[in-house]
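Single-structure report; data block below.
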Amino acid sequence: MAGKVRTFRPFLPTLTYVAARMRERDVREFGCLGDATPMQRANGFQHMPLITVLGRERPEIVIGGGEVMPGVWWAAAYATDKFASLKLSATKAALRLINEARERGGRRVETRVLTSHVDSVAWLEFLGFHIEATFPFGMNGEEFHQCAMPLVRC
């Protein structure tokens with residue numbers, strides 16, 4: 001683990017750089033949803049109001065979110081194979097984004113994850129998400145978990 005973790009500006013070339021080098025399981029997940037090229041993957045994140053890009057020498061992780069309806073936020077991420085060595089920094093960044101959503105009036109944060117991404121599901125649960133449902137969502141019927149995290153107590 002050489003070098004200090006730093007934040008990169010979330011410009012389209014930076015997002016595309018990470019998308020072109022993402023983990024194979026992330027490529028499969030985005031592919032199930034029709035986002036086949038690095039540019040298509042990056043475009044989905046380009047306009048998110050909350051976005052963080054982390055890495056050491058180069059950008060390696062993109063974490064983003066945005067309000068999809070009043071009080072409901074969507075979160076998503078993709079990474080290169082360096083995710084494991086940056087997991088603590090990614091966790092801190094994700095929690096900062098979740099807190100920002102809460103401060104902006106968010107009531108809940110949602111995301112979906114391919115059911116076969118067991119390590120991603122575990123990370124989401126560690127962050128405080130819970131699985132609400134499992135259903136076919138991919139273009140070829142691949143199963144995804146719908147995960148959510150309440151931001152306010154009812």
When you look at K92 and S89, which way does the side chain to side chain contact (heavy atoms under 4.5 Å, CB included) test go after all the steps? CA-CA 5 Å; K92 290 177 182 179; S89 295; 5.8 Å; no

Between CD on residue E60 and CZ on residue F8, distance to nearest 0.5 Å: 7.5 Å

Nearest heavy atoms of P49 and G65, plus distance in Å: CD-O, 3.3 Å

From W73 atom CH2 to L151 atom CG, the distance as rounded to the nearest 0.5 Å: 9.5 Å

Looking only at heavy atoms, which two atoms of I63 and A90 are closest? And how far apart? CD1-O, 3.5 Å

Identify whether NZ of Lys or CZ of Arg in R23 sits under 6.0 Å from the centre of the six-membered ring of F83 and within 45° of that ring's axis. yes

Roughly how far apart are R107 CZ and M149 CE, rounded to 0.5 Å? 15.5 Å

Could you check whether any side-chain heavy atom of L15 comes within less than 4.5 Å of a side-chain heavy atom of I51, counting everything from C-beta outward? yes

Rounded to the nearest 0.5 Å, what separates atom CG in L114 from atom SG in C32? 5.0 Å

Student check: side-chain heavy atoms of V113 and F129 closer than 4.5 Å: no

T115 to T134 - nearest heavy-atom pair and separation: CG2-CG2, 3.7 Å

Would you check if the side chain of R58 reaches a backbone N or O of V18 as a donor-acceptor pair within less than 3.5 Å? no

Can you confirm whether T80 sits close enough to R21 that some side-chain heavy atom of one is under 4.5 Å from a side-chain heavy atom of the other? yes

Kindly compute the distance separating CD (Q40) from CZ (F30), expressed to the nearest 0.5 Å. 11.5 Å

Under 3.5 Å, side chain of H130 to main-chain N/O of A148, donor-acceptor pair present? yes

Are any side-chain N or O atoms of E125 and backbone N or O atoms of W123, one a donor and one an acceptor, separated by less than 3.5 Å? no

Is there a donor-acceptor pair closer than 3.5 Å between any side-chain N or O of D26 and the backbone N or O of Y78? no

Can you confirm whether F126 is buried at CZ, in the sense that more than 12 heavy atoms of other residues, nucleotides or ligands lie under 6.0 Å from that atom? no

How about E29 and H117: do any of their side-chain heavy atoms sit closer than 4.5 Å? yes

Side-chain contact test, heavy atoms from C-beta onward, threshold under 4.5 Å: evaluate it for H145 versus V121 and give yes or no. yes

Hey, would you say the F135 and F144 ring centroids sit under 6.0 Å apart? no

So, E143 and R112, do they make that salt bridge, N to O below 4.0 Å? no

For the side chain of T16 and the backbone of L12, is there at least one donor-acceptor N/O pair under 3.5 Å apart? yes

Could you tell me whether the side chain of T7 and the main chain of L54 form a donor-acceptor pair under 3.5 Å? no

I want to check something: taking the side chain as every heavy atom from C-beta on, are V53 and F11 in contact at a cut-off of under 4.5 Å? no

Linking I/L/V/M/F/W/Y whenever any side-chain heavy atoms sit under 4.5 Å apart, do L95 and L88 land together? no

Could you grab the distance from atom CG of L127 to atom SG of C147, nearest 0.5 Å is fine? 10.5 Å

Between A19 and A42, the two heavy atoms sitting closest are CB-N, 4.4 Å

Are side-chain heavy atoms of E142 and S116 found at a separation under 4.5 Å? no

Show the nearest heavy-atom pair for residues R56 and G3, with the distance to one decimal. NE-O, 2.9 Å

N-O pairing of R25 and D119 below 4.0 Å: yes

Under 6.0 Å from the six-membered ring centre of F45 and within 45° of its axis: does the NZ or CZ of R41 meet both? no

Can you name the nearest heavy-atom pair linking G106 to V152, along with the distance? O-CG1, 4.1 Å

Answer yes or no: is there an ion pair linking R96 with E100, defined by an N-O contact shorter than 4.0 Å? no

